[in-house]
Colleague: 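One structure, pasted below without further comment.
Keep in mind that the numbers below use all heavy atoms, side chains included, and drop hydrogens, waters and symmetry copies. Residues: numbered from 1 along the sequence shown.
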Amino acid sequence: MLLGRNGELNQLNHYYEREGSQIIVVYGQKHIGKTALLQEFSKDKQAEYYMARSCSEREQVFQWSRELRVAEISESEFPSYTDILTALMMGENGKKVLVIDEFQNMLKTGSTFMAELVSFVHGPRNTGDMLVILTSSSVGWVENSMLKKIGDAAYRLSGLLKLKELKFKDCVDFFPGFTRPQCIEVYAMLGGLPGLWSNFNDSLSIKENILQNILSPTSTLFYEAERLLSEELRETAVYNTLLASIAGGRYKLNDLYKHTGFSRAKISVYLKNLMELEIVEKIFSYDTEGNDNVQKGVYRISSRFMHFYYKFIYPHMSALMTQEAEAFYTANMEPELKTYVAGYFKAVCREHMEKMNEEGQLPFVYDRAGEWVGKEGNIDMIAQDEETHTILVLCNYEKPIMTYEDYEKLLYCAGKARLRIDYIFLYSIGRFDEKLYLEAKVKGNMTLVPMSEL
């Protein structure tokens, strides 16, 4: 069963059902589930698949032709791309689907692929209709370099479809054997990437999964973070330094400058590259009148698996290589794991708010939302409509009980942000104290959201 991709499937079917031939680009970071989506889409269609290699153009056509010779579709050893496309269009009538995976590999070492593809698909040699799906895991390349690289061929693309990470509810559906708190831990460590989820087993505890599937040198995920980095970037030593620094709590440019010794200009360039790859993000506090009380220009690691790796594994690599996995977990992960997960529990709460907003279950429909990052405390979410009606959200993960004092701290931060308070939503993985229940009953504008509703 394909989870959370009904919208994307509908978009692909829309292109398929359009009259004539189409060329579209489907992209998203590695492990996001492109292959599973396209397999589901293609299963009832005439479809061909080719994984483009990182090799010379001559080797590329040789490998593609070799696969087609095995399938008795082509006979030539070194055909042109046009010859290959012509051979693929022969056979049964009806619209055909051609998926070319990691197509950027064809463009980085050759210059003829896109020109031949467009010429064939929209030219007289194509005697039928086809949908060509070009896929890529190189998000930064697609969004920042692709159009320049393909030139005029860009005008013949029918569309681009970017796959985003799956939601927490999809994680819950993927792991029926896990409790909600366990799913939150998985979501905090692996993000919304089903390709990473598949490495975890919901018949084991989270600790057992970490020991077997992340900390074991024979596991798939042991070197995955550094492999992902080296596939996209060259100077990994610089990027490792910056990511380890951010994971260590140095969120501002000046903090990174003092710790790394790199120039501010160099740091900015390398951070830009990491942001293009969706590994790092720059957080801007929600814009309120209390701007003098906010932190400005805060950097965070947005890829949850990368954050997990550089928070717990990279700085303790020597210990990992010399200790048993369980001893390493107890000494270097367990003490801070709950605090780490707490940061991503906020994302789960925000997703729940977004769902209620879409379904009209809130006091008003908000069109602007964000986090307020203050000098003396944060507001986990502020949501407003055009008339500045305001909802404030506070999330508790680390404590077994959300207290009235937590609520008072939220009010204090709202004062610093100079916000009026129309409604408050309090989320807690544990219980709420009795004083909060009484306050919610008396005030009427406060909603307490327990774990069972997520």
Side-chain angles (χ1 to χ4, degrees), residues 1-53 63-74 81 84-106 113 117 120-121 126-139 142 157-167 169-176 190 192-202 220:
M1 179 176 65
L2 185 68
L3 293 172
R5 296 296 186 200
N6 288 337
E8 290 87 345
L9 274 175
N10 289 338
Q11 290 185 63
L12 290 174
N13 279 309
H14 167 73
Y15 286 115
Y16 179 78
E17 291 164 4
R18 286 172 63 173
E19 185 177 349
S21 295
Q22 318 289 329
I23 303 173
I24 64 171
V25 174
V26 177
Y27 71 105
Q29 60 182 293
K30 193 173 182 182
H31 302 301
I32 201 109
K34 294 184 296 299
T35 301
L37 170 66
L38 294 171
Q39 286 176 341
E40 179 70 18
F41 167 71
S42 302
K43 67 182 182 181
D44 58 349
K45 301 174 178 67
Q46 297 181 61
E48 294 288 341
Y49 173 90
Y50 176 67
M51 167 61 76
R53 280 71 155 174
Q63 290 296 338
W64 197 353
S65 178
R66 181 189 59 79
E67 293 182 9
L68 298 180
R69 291 199 305 276
V70 171
E72 298 182 349
I73 296 175
S74 175
Y81 288 122
I84 291 174
L85 295 168
T86 301
L88 287 172
M89 285 301 292
M90 296 175 65
E92 297 180 33
N93 294 327
K95 196 161 195 173
K96 294 181 172 63
V97 175
L98 171 61
V99 178
I100 302 178
D101 208 349
E102 303 299 352
F103 82 105
Q104 75 278 0
N105 288 328
M106 291 176 152
F113 169 68
L117 176 66
F120 177 83
V121 170
N126 183 11
T127 57
D129 289 341
M130 64 190 307
L131 172 62
V132 180
I133 304 175
L134 307 174
T135 83
S136 177
S137 299
S138 187
V139 174
V142 170
L157 295 179
S158 299
L160 284 81
L161 174 59
K162 181 178 183 179
L163 301 192
K164 297 182 180 180
E165 293 192 29
L166 294 180
K167 300 290 187 179
K169 63 181 179 63
D170 302 311
C171 185
V172 173
D173 291 338
F174 193 91
F175 294 108
L190 305 182
L193 302 176
L196 296 183
W197 295 351
S198 61
N199 292 278
F200 270 37
N201 183 346
D202 61 2
T220 304

Colleague: To the closest 0.5 Å, what do you measure between CD (Glu165) and SG (Cys171)?
Modeller: 11.0 Å
Colleague: What do the steps show when you test Tyr81 against Phe120 for side chain to side chain contact (heavy atoms under 4.5 Å, CB included), and what is the final call?
Modeller: CA-CA 9 Å; Tyr81 288 122; Phe120 177 83; over 6 Å; no
Colleague: Rounded to the nearest 0.5 Å, how far does OG of Ser136 lie from CD1 of Ile100?
Modeller: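 One finds 12.5 Å between CD1 of Ile100 and OG of Ser136.
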Colleague: Quick one: closest heavy-atom pair of Gly4 and Leu166, and the distance?
Modeller: O-CD2, 3.7 Å
Colleague: By the salt bridge (Lys or Arg N to Asp or Glu O under 4.0 Å) test, which pairs, at least two apart or in different chains, include something from residues 42-52?
Modeller: Glu40-Lys43
Colleague: Which distance, rounded to the nearest 0.5 Å, do you find between the CG of Leu98 and the CG of Leu85?
Modeller: 6.5 Å
Colleague: Of the options Tyr16, Phe41, Tyr15, which is the one that meets Ile133 in a side-chain contact (heavy atoms from CB on, under 4.5 Å)?
Modeller: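 Running side-chain contact (heavy atoms from CB on, under 4.5 Å) over Tyr16, Phe41, Tyr15 with Ile133 returns exactly one hit, Phe41.
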Colleague: One pair to check against side chain to side chain contact (heavy atoms under 4.5 Å, CB included): Leu38 and Val97. What are the steps and the verdict?
Modeller: CA-CA 10 Å; Leu38 294 171; Val97 175; over 6 Å; no
Colleague: CD/Gln11 to CZ/Arg5 distance, rounded to the nearest 0.5 angstrom?
Modeller: 11.0 Å
Colleague: What residues, two or more places apart in sequence or in another chain, satisfy side-chain contact (heavy atoms from CB on, under 4.5 Å) together with Asp202?
Modeller: Phe175, Pro176, Phe178
Colleague: Do you know the tightest heavy-atom contact between Ser65 and Ile84?
Modeller: N-CD1, 4.5 Å
Colleague: Tell me the closest heavy-atom pair linking Met89 and Lys96, and the distance in Å.
Modeller: O-NZ, 3.6 Å
Colleague: Specify the closest pair of heavy atoms between Thr135 and Gln104, including all atoms of both residues, with the distance to one decimal.
Modeller: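 Closest approach of Thr135 to Gln104: O-OE1, 4.0 Å.
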Colleague: Is there side-chain contact between Leu3 and Pro194, with heavy atoms separated by less than 4.5 Å?
Modeller: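 Not touching, per the 4.5 Å side-chain cut-off.
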Colleague: Has the side chain of Asp101 got a donor or acceptor atom that lies under 3.5 Å from a matching backbone atom of Met51?
Modeller: no
Colleague: Roughly how far, to the nearest 0.5 Å, is the CD atom of Gln46 from the CG atom of Asn93?
Modeller: 8.0 Å
Colleague: State whether the side chain of Asn105 and the backbone N or O of Ala52 hold a donor-acceptor pair below 3.5 Å, judged by distance alone.
Modeller: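 Yes, the answer is positive, given that a donor and an acceptor are paired below the 3.5 Å cut-off.
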Colleague: Considering residues at least two apart in sequence or located in another chain, which fulfil the side-chain contact (heavy atoms from CB on, under 4.5 Å) criterion with Lys30?
Modeller: Ser137, Glu224, Leu228, Glu231
Colleague: Passes side chain to side chain contact (heavy atoms under 4.5 Å, CB included), Leu117 versus Phe103? Steps please.
Modeller: CA-CA 12 Å; Leu117 176 66; Phe103 82 105; over 6 Å; no
Colleague: Ala47 and Ser42: which non-hydrogen atoms are nearest, and at how many Å?
Modeller: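 That closest heavy-atom pairing would be CB-CB, 3.7 Å.
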Colleague: To the nearest 0.5 Å, how far apart are CG in Leu193 and CD in Gln29?
Modeller: 4.5 Å
Colleague: What pairs with Phe174 under ring-ring contact (aromatic ring centres under 6.0 Å, His included), at least two apart in sequence or on another chain?
Modeller: Trp197
Colleague: Just to verify, what does Ala36 make a side-chain contact (heavy atoms from CB on, under 4.5 Å) with, not counting sequence neighbours?
Modeller: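 Checked Ala36 against side-chain contact (heavy atoms from CB on, under 4.5 Å); matches are Leu2.
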Colleague: Is any side-chain heavy atom of Ile24 less than 4.5 Å from a side-chain heavy atom of Leu12?
Modeller: yes
Colleague: Please lay out, stage by stage, how His31 and Leu190 fare under the test side chain to side chain contact (heavy atoms under 4.5 Å, CB included).
Modeller: CA-CA 10 Å; His31 302 301; Leu190 305 182; over 6 Å; no
Colleague: Do Lys95 side-chain atoms and Gly128 backbone N/O form a donor-acceptor pair below 3.5 Å?
Modeller: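 No, because the side chain of Lys95 does not come within donor-acceptor range (under 3.5 Å) of the backbone of Gly128.
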Colleague: What pairs with Thr220 under side-chain contact (heavy atoms from CB on, under 4.5 Å), at least two apart in sequence or on another chain?
Modeller: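 So Thr220 forms a side-chain contact (heavy atoms from CB on, under 4.5 Å) with Asn199.
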